[in-house]
Amino acid sequence: MSTLRTALTDLVGVQHPVVQTGMGWVAGPRLVAGTANAGGLGILASATMTYDELAAAITKTKTLTDKPFGVNIRADATDAPQRIDLLIRENVRVASFALAPKQELIAKLKAAGVVVIPSIGAAKHAKKVASWGADAVIVQGGEGGGHTGPVATTLLLPSVLDAVDIPVVAAGGFYDGRGLAAALAYGAAGVAMGTRFLLTQESTVPDSVKQEYLARGLQDTTVSRKVDGMPHRVLNTELVDSLEHSGNVRGLVAAARNASKFKAMTGMKWSTLVKDGLAMKKSGDRTWQQIIMAANTPMLLKAGLVDGNTHAGVLASGQVVGLLDDLPTCKDLIDGIVADAIKRIDALGALRA
């Protein structure tokens with residue numbers, strides 16, 4: 001089939017300018033390898049993995065694909081340097097970050113030939129990581145799922161493109177060839193998608209939960225601060241509605257309980273959790289209440305996306321969920337998106353006199 005060559009495909013060595021984001025509990029070896037084998041860039045989500053689980057996931061992914069793939073790392077995690085060493089040893093092609101990594105970590109990765117692609121939410125953040133040596137950035141507009149900002153992709157994307165000279169990947173509201181063609185017209189080097197890849201055959205999310213997503217409309221998501229203290233776009237559910245109408249005390253009690261569960265699940269020490277909290281406090285504008293509430297995120301997402309308990313968990317989702325009605329394979333999805341984008345780009349060219 002025809003392909004689209006962009007700064008992203010050249011930088012990473014993938015066939016198509018389509019990225020599957022590192023969604024916690026969702027982006028495991030099967031989905032990442034499915035994306036990679038289809039010609040896109042799949043990114044493993046490591047924030048919900050122990051170090052040993054991440055090592056095993058990288059090994060498993062490499063048995064399923066010989067194509068380039070990436071790993072998303074929490075830049076504020078106390079073991080981030082050790083995880084970066086792992087990526088370097090395993091020759092992982094891309095390191096992505098939800099928060100800006102320290103300048104010395106970027107330098108270390110780049111010296112080893114690893115492509116560094118942080119996710120950012122504002123032009124000023126893009127300029128900062130670009131000045132530190134980041135190879136590209138992913139910019140997510142407010143339509144996106146999970147942690148998101150208030151500015152729509154159609155405004156945020158051009159502001160970032162005007163601010164930096166490195167490749168910019170657009171995220172938030174993308175799901176088809178029209179979106180890819182539009183992003184390329186803006187000047188982006190590709191698109192990144194989360195919800196669209198969550199709803200594929202390679203996604204390990206329980207089928208009953210996938211059907212819950214497919215039944216939703218464009219108005220069926222909420223940006224809540226009651227999940228973990230930060231703006232978090234999720235599907236409307238009874239749990240989310242009860243959280244939205246709950247007081248702060250209830251949220252903090254639940255967060256403390258979930259912190260204990262998260263500690264037991266990952267094998268982390270309390271001292272590590274405290275160190276991570278201090279790092280989060282130092283690196284951003286979070287209050288202590290928000291830091292404590294952050295313990296809610298992994299456990300509530302696990303309940304919904306892994307255990308299939310939509311009554312006890314939350315379901316992160318972009319607004320695009322209201323436009324999705326199928327569960328394609330990663331190959332069918334990416335092939336269809338690229339083919340449609342090429343068709344639309346060609347049609348635009350025909351408009352010239």
Does any N or O in the side chain of K210 come within less than 3.5 Å of the main-chain N or O of T204, such that one atom is a donor and the other an acceptor?
no
Heavy-atom donor-acceptor pair, K110 side chain to G133 backbone, under 3.5 Å:
yes
Any pair counted as ring pair (Phe, Tyr, Trp, His ring centres under 6.0 Å), so long as it reaches residues 150-194, sequence neighbours left out:
none
Could you see if I166 belongs to whatever hydrophobic cluster contains V19? Use Ile, Leu, Val, Met, Phe, Trp, Tyr and a side-chain cutoff under 4.5 Å.
no
Between S46 and N72 (side chain of the first, backbone of the second, donor and acceptor by atom type, cut-off under 3.5 Å), is there such a pair?
yes
Under a single-linkage definition using a 4.5 Å side-chain heavy-atom cutoff for Ile, Leu, Val, Met, Phe, Trp and Tyr, are L184 and V12 assigned to the same hydrophobic cluster?
no
Pair Q211, L214 - check side-chain contact (heavy atoms from CB on, under 4.5 Å), show working.
CA-CA 5 Å; Q211 294 303 319; L214 293 177; 3.9 Å; yes
What is the minimum heavy-atom distance between C330 and G34, and which atoms define it?
CB-O, 3.5 Å
Spell out, as yes or no, whether a donor-acceptor pair under 3.5 Å connects the side chain of T329 to the backbone of D332.
yes
For E212, what residues pass the salt bridge (Lys or Arg N to Asp or Glu O under 4.0 Å) criterion, not counting sequence neighbours?
R216
Is it the case that one hydrophobic cluster holds both L4 and L333, taking links as side-chain heavy atoms less than 4.5 Å apart, direct or via other members?
yes
Heavy atoms from other residues, nucleotides or ligands near NZ of K62 exceed 12 (cutoff 6.0 Å):
yes
In terms of side-chain geometry, is the basic nitrogen of R344 or D340 positioned less than 4.0 Å from the acidic oxygen of its partner?
yes
Sorted by chain and residue number, the salt bridge (Lys or Arg N to Asp or Glu O under 4.0 Å) partners of R196 (sequence neighbours excluded) come out as D326
Is there a donor-acceptor pair closer than 3.5 Å between any side-chain N or O of Q20 and the backbone N or O of T35?
no
Grab the two heavy atoms, one from A95 and one from V114, that are nearest each other, plus how far apart they are.
N-CG1, 3.7 Å
Just to verify, what does R178 make a salt bridge (Lys or Arg N to Asp or Glu O under 4.0 Å) with, not counting sequence neighbours?
D176
So, T148 side chain and G145 main chain: donor-acceptor pair closer than 3.5 Å or not?
no
Donor-acceptor pair, side chain of T6 and main chain of L8, under 3.5 angstrom
yes
In residues 150-164, what donor-acceptor pairs under 3.5 Å come from side-chain atoms, sequence neighbours left out?
from	atom 1	to	atom 2	distance (Å)
T153	OG1	G141	N	3.4
T153	OG1	E143	OE1	2.8
T153	OG1	A171	O	3.3
T153	OG1	G172	O	2.8
S159	OG	L156	O	2.7

Flag the pair I337 / M193 as yes when at least one side-chain heavy-atom distance between them is below 4.5 Å, and no otherwise.
yes
Go through N37 and K67 one step at a time and tell me if the side-chain contact (heavy atoms from CB on, under 4.5 Å) criterion holds.
CA-CA 6 Å; N37 288 330; K67 306 295 184 184; 3.9 Å; yes
Does a donor on one side chain sit under 3.5 Å from an acceptor on the other, for T221 and R233?
yes
Quick check against the 3.5 Å criterion: does T9 have a side-chain atom that pairs as donor or acceptor with the backbone of R5?
no
Would a distance-only check, ignoring hydrogens and angles, find a side-chain to backbone donor-acceptor pair under 3.5 Å from T195 to S317?
no
Can you confirm whether Q219 is buried at CD, in the sense that more than 12 heavy atoms of other residues, nucleotides or ligands lie under 6.0 Å from that atom?
no
Applying side-chain contact (heavy atoms from CB on, under 4.5 Å), run through L218 and V321 and close with a yes or a no.
CA-CA 7 Å; L218 286 171; V321 68; over 6 Å; no
Walk me through it: do L86 and I58 pass the test side-chain contact (heavy atoms from CB on, under 4.5 Å)?
CA-CA 9 Å; L86 174 64; I58 292 173; 3.9 Å; yes
Looking at L327, is its backbone amide N or carbonyl O close enough to the side chain of Q201 to form a donor-acceptor pair, meaning the two atoms are under 3.5 Å apart?
yes
Any ring pair (Phe, Tyr, Trp, His ring centres under 6.0 Å) pairs touching residues 207-237, not counting sequence neighbours?
H147-H232
